[in-house]
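Below is one structure; the comments refer to it alone.
When a residue number appears, it is its place in the shown sequence, counting from 1.
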Amino acid sequence: MSTPKGLQPWLTVMMYFLVLSIATVIAKFVPVLDNLFFYFCVSFLSSLWILRKQKLAITTIGFIPTRKRDWKNFFIGSGIGLLMFIVTSLLIIWFAKEQWHLNKQISVINLVITLIMVLWSAFVQEFVFRGYPFQELLKNYRPWVAQIAIAIPFGLMHINSSMTPLEMGKVMLTTGMGSLLFGLGYIKTKKLLFPIGLHFGWNYAQALVSRTGDNAFTLFNVTQSNMEHYSFYNTTFLYLVVITITMVVIARYKREDV
């Protein structure tokens, strides 16, 4: 009995994530495998196998820059991600009364190491989530269906068992919005370079700020104010406002302008 055409994309995407879930379980028992390179290999091989079944090349995912515009989109995305973090941080500093101090231990080598690690992480995450599964759903359903379907596993990937239910909800909300932003970046350009840039710009700026004390790989250390100054409205809500405005601005541009 053949599978109804409307269900086929869902089944292949579910199979893709099932393979990744099995890989995650295996990595927990074999710690040496619990790294981004292993998950990228699993995602790459799974995508390669499914796309070959569809008579498509792995390059159709759009993760390889083939023109100057691709590089331009990556750097524009990186700039937007960096600007988002700066604006959000300035708002939090104002409302939560944080104090930032330049880290005197930082070195250029550490900054470069952090950059490479964050860039690799952003690339892998975008390939895994906005690669085959997102694009397969996008080809067969409305954009909002693909966006929500991928935002859920993307959010779950950032959750761990030590979190409280409230913390889990906050993570699902914030990373879910991030997933929508990165998905919009792909929809506007039909390549992964722009969303990789968005992801990298935000994460790199975030990685350079430490709220847990001195860190040789961060650029700033934050002295937090009294905890009573922190609330949903002057932290998470501000982030949601900034990311929403960013999505509105990106959505207003024609595809060829991005």
Side-chain angles (χ1 to χ4, degrees), residues 9-10 12-14 16-17 20 36 39-40 43-44 46-48 50-51 54 56-85 118-158 172 174-204 240 242-258:
W10 286 110
T12 53
V13 169
M14 289 173 64
Y16 170 88
F17 280 117
L20 279 175
L36 286 172
Y39 297 121
F40 171 72
S43 174
F44 183 89
S46 299
S47 301
L48 180 65
I50 295 172
L51 289 171
Q54 299 176 355
L56 295 172
I58 190 69
T59 52
T60 58
I61 289 178
F63 64 100
I64 299 176
T66 57
R67 54 182 183 169
K68 289 183 179 179
R69 183 178 294 276
D70 295 335
W71 287 108
K72 178 182 177 181
N73 286 340
F74 169 75
F75 287 112
I76 290 176
S78 299
I80 293 174
L82 176 62
L83 182 61
M84 284 174 55
F85 182 82
V118 173
L119 179 58
W120 172 238
S121 175
F123 170 78
V124 172
Q125 290 186 52
E126 290 309 301
F127 184 93
V128 170
F129 291 96
R130 250 70 56 184
Y132 165 74
F134 180 69
Q135 295 173 32
E136 177 70 12
L137 295 176
L138 200 60
K139 286 189 298 184
N140 293 278
Y141 308 104
R142 293 181 182 275
W144 68 267
V145 175
Q147 287 276 49
I148 294 175
I150 296 302
I152 294 173
F154 184 73
L156 291 173
M157 185 265 293
H158 290 84
M172 288 296 295
T174 55
T175 57
M177 287 295 289
S179 180
L180 297 182
L181 172 65
F182 305 144
L184 178 61
Y186 175 81
I187 291 171
K188 297 297 291 185
T189 61
K190 298 302 179 184
K191 285 285 190 74
L192 285 180
L193 278 299
F194 186 51
I196 289 173
L198 289 168
H199 202 153
F200 164 71
W202 174 275
N203 281 13
Y204 184 55
L240 296 177
V242 171
I243 199 171
T244 299
I245 293 174
T246 304
M247 286 194 285
V248 171
V249 171
I250 292 175
R252 289 178 61 86
Y253 283 91
K254 295 180 181 179
R255 181 179 302 164
E256 58 268 22
D257 293 331
V258 179

Subject >> Any donor-acceptor N/O pair, Ser43 side chain to Tyr39 backbone, under 3.5 Å >> reply: no

Subject >> Smallest separation among heavy atoms of Pro143 and Leu138, with atom names >> reply: CA-CD1, 3.7 Å

**OP:** Give me the ring orientation class for Phe123 and Trp120: parallel if the planes are under 30° apart, tilted from 30 to 60°, perpendicular past 60°.
**Re:** parallel

**OP:** Would you indicate whether Lys139, at its atom NZ, is surrounded by more than 12 heavy atoms from other residues, nucleotides or ligands within a distance under 6.0 Å?
**Re:** yes

**OP:** Check whether any side-chain heavy atom of Leu20 sits under 4.5 Å from a side-chain heavy atom of Ser46, and report yes or no.
**Re:** no

Original post:
Within a strict 4.5 Å, meaning less than it, do heavy atoms of the Tyr204 and Leu82 side chains meet?
Top reply: no

Original post:
Under a 4.5 Å cut-off applied to non-hydrogen side-chain atoms, are Phe134 and Ile187 in contact?
Top reply: yes

**OP:** Would you give the length of the straight line joining atom NZ of Lys72 to atom CZ of Phe194, rounded to the nearest 0.5 angstrom?
**Re:** 11.0 Å

Original post:
Any side-chain heavy atom of Phe85 sitting closer than 4.5 Å to one from Val242?
Top reply: no

**OP:** State, to 0.1 Å, how close Met157 and Phe129 come at their nearest heavy-atom pair, and which atoms those are.
**Re:** CE-CE1, 3.8 Å

Original post:
What residues, two or more places apart in sequence or in another chain, satisfy side-chain hydrogen bond (donor to acceptor under 3.5 Å, both in side chains) together with Arg67?
Top reply: Asp70

Please tabulate, for the side chains in residues 176-184, all donor-acceptor contacts under 3.5 angstrom to protein atoms that are two or more places apart in sequence or on a different chain.
residue: Ser179; atom: OG; partner: Arg130; partner atom: NH1; Å: 2.7

Original post:
Can you say whether the rings of Phe40 and Phe44 are parallel (under 30°), tilted (30 to 60°) or perpendicular (over 60°)?
Top reply: tilted

